*Asks:* 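Here it is: the structure, laid out below.
Bear in mind that the values here come from a model prediction, so they are computed numbers and not experimental data.
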Amino acid sequence: MALEMVVERVDAGTAVAVISGALTMGTNLKTIDHNLQDLVSSGVSRLVLDLSASSYCDSAGLGLLMHVNGLLAGHGGAMRLCGVSERLMALLKLTLTDALLKCDADRDTSLLALDAEAM
């Protein structure tokens with residue numbers, strides 16, 4: 001399955017990006033990185049990455065997740081992941097990035113958590 005992303009704007013500052021396919025090094029990952037940076041530049045400060053349709057992530061994909069998380073934090077925003085597979089969660093725990101990349105079971109839980117963080 002090719003790596004793809006569909007963005008749903010919740011409001012002016014909040015978006016949900018549904019990523020499907022493997023988060024692996026390549027042109028598609030660079031395109032997604034560029035599109036996520038454009039979202040932040042356009043005013044999105046709260047982002048949910050829905051990874052329920054993404055079963056694999058390599059170091060380049062993990063780097064993308066960390067980069068976007070840092071980019072949002074630098075703009076006073078926040079990011080949450082949802083629908084993280086067991087395989088990806090194992091990678092996050094192995095690399096200790098689970099302490100930085102907050103994960104939830106589903107998008108509604110992630111959106112509620114972002115609301116709570118904003119208060």
*Asks:* Going from CG on Asp50 to CG on Leu81, what distance comes out if it is rounded to the nearest 0.5 angstrom?
*Replies:*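 If we round to the nearest 0.5 Å, Asp50:CG and Leu81:CG are 10.0 Å apart.
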*Asks:* How close do Ser85 and Ser55 get, counting heavy atoms only, and between which atoms?
*Replies:*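 So the two residues come closest at OG-O, 3.7 Å.
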*Asks:* Determine, using the 4.5 Å side-chain heavy-atom cutoff (strictly less than), whether Met5 and Tyr56 are members of one ILVMFWY cluster.
*Replies:*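 Met5 does not cluster with Tyr56.
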*Asks:* Nearest 0.5 Å please: distance from the OG atom of Ser52 over to the CG atom of Asp106.
*Replies:*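 Rounded to the nearest 0.5 Å, the OG-CG separation comes out at 9.5 Å.
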*Asks:* Just by modelled atom types, is the Leu91 backbone N or O under 3.5 Å from a matching donor or acceptor in the Thr95 side chain?
*Replies:*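 Judged by distance alone, yes, a pair lies under 3.5 Å.
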*Asks:* Only counting residues at least two apart or in another chain, list the ones meeting salt bridge (Lys or Arg N to Asp or Glu O under 4.0 Å) with Asp104.
*Replies:*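 So Asp104 forms a salt bridge (Lys or Arg N to Asp or Glu O under 4.0 Å) with Arg80.
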*Asks:* How many angstroms lie between atom CG of Leu94 and atom CE of Met89, to the nearest 0.5 angstrom?
*Replies:*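 Leu94 CG to Met89 CE: 13.0 Å, rounded to 0.5 Å.
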*Asks:* Mind listing the closest non-hydrogen atom pair of Leu114 and Met79 along with its distance?
*Replies:*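 Looking at all heavy atoms of both residues, the closest pair is CD2-N, 4.4 Å.
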*Asks:* Is a side-chain donor or acceptor of Ser54 paired with a backbone partner of Ser20 at a separation under 3.5 angstrom?
*Replies:*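 Flag not set: sc Ser54 to bb Ser20 has no pair under 3.5 Å.
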*Asks:* Quick one: does Asn35's side chain get under 4.5 Å of Val7's, heavy atoms only?
*Replies:*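 When only atoms from C-beta onward are counted, Val7 and Asn35 do not touch, as no gap falls below 4.5 Å.
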*Asks:* Would you call Arg107 and Glu8 a salt bridge, using N to O less than 4.0 angstrom?
*Replies:*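 Yes.
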*Asks:* With distance as the sole test, does Ser42 use its side chain to make a donor-acceptor pair with the main-chain N or O of Leu39 at under 3.5 Å?
*Replies:*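 Yes, the answer is positive, given that a donor and an acceptor are paired below the 3.5 Å cut-off.
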*Asks:* Any sub-3.5 Å donor-acceptor pair from Arg9's side-chain atoms to Ala12's backbone N or O?
*Replies:*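 Pair found, side chain donor or acceptor close to backbone of Ala12.
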*Asks:* In the single-linkage hydrophobic clustering (I, L, V, M, F, W, Y; side-chain heavy atoms under 4.5 Å), do Val18 and Leu51 co-cluster?
*Replies:*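 Different hydrophobic clusters.
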*Asks:* In Å, rounded to the nearest 0.5 Å, how long is the span from OG of Ser110 to CZ of Arg46?
*Replies:*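 CZ of Arg46 is found 11.5 Å from OG of Ser110.
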*Asks:* What heavy-atom pair brings Leu47 and Leu72 nearest, and what distance separates the two atoms?
*Replies:*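 Minimum heavy-atom contact is CB-CD1, 3.7 Å.
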*Asks:* Do Asp58 and Met25 have side chains that approach each other closer than 4.5 Å (heavy atoms only, starting at C-beta)?
*Replies:*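 Asp58 reaches Met25 side chain to side chain.
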*Asks:* Is any side-chain heavy atom of Leu36 closer than 4.5 Å to one of Leu49?
*Replies:*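 The answer is yes; the side chains approach within 4.5 Å.
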*Asks:* Could you go through the side-chain contact (heavy atoms from CB on, under 4.5 Å) check for Leu62 and Leu92 one step at a time?
*Replies:* CA-CA 8 Å; Leu62 182 58; Leu92 297 178; 3.6 Å; yes
*Asks:* Only counting residues at least two apart or in another chain, list the ones meeting side chain to side chain donor-acceptor pair (under 3.5 Å) with Glu4.
*Replies:*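 With sequence neighbours excluded, Glu4 shows a side chain to side chain donor-acceptor pair (under 3.5 Å) to no residue whatsoever.
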*Asks:* Could you grab the distance from atom CG of Asp33 to atom CG of Leu23, nearest 0.5 Å is fine?
*Replies:*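 So the gap between those two atoms works out to 11.0 Å.
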*Asks:* Between Thr97 (side chain only) and Leu100 (backbone N and O only), is there a donor and an acceptor less than 3.5 Å apart?
*Replies:*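 Looks like no, no N/O pair under 3.5 Å.
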*Asks:* Taking Gln37's backbone N and O only, do any of them form a donor-acceptor pair with Ser41's side chain (distance below 3.5 Å, no angle check)?
*Replies:*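 Confirmed, Ser41 side chain pairs with Gln37 backbone.
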*Asks:* Any pair with a residue in residues 21-31 that passes side chain to side chain donor-acceptor pair (under 3.5 Å), sequence neighbours left out, goes on the list, sorted by first then second residue, please.
*Replies:*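 The answer is none; no pair qualifies.
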*Asks:* For Leu29 and Leu64, what are the C-alpha separation, side-chain angles and deciding distance, and is it a side-chain contact (heavy atoms from CB on, under 4.5 Å)?
*Replies:* CA-CA 8 Å; Leu29 187 67; Leu64 167 74; 3.4 Å; yes
*Asks:* Kindly work out whether a path of hydrophobic side-chain contacts (I/L/V/M/F/W/Y, heavy atoms less than 4.5 Å apart) joins Ile19 to Leu71.
*Replies:*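 Looking at the clustering, Leu71 is in the same group as Ile19.
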*Asks:* Would Val16 end up clustered with Leu65 when hydrophobic side chains under 4.5 Å apart are linked, directly or stepwise?
*Replies:*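 Result: no, two separate clusters.
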*Asks:* For the hydrophobic clusters of this structure (ILVMFWY residues joined by side-chain heavy atoms under 4.5 Å, transitively), does one cluster hold both Val6 and Val84?
*Replies:*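 As far as the 4.5 Å side-chain criterion goes, Val84 and Val6 are not connected within one cluster.
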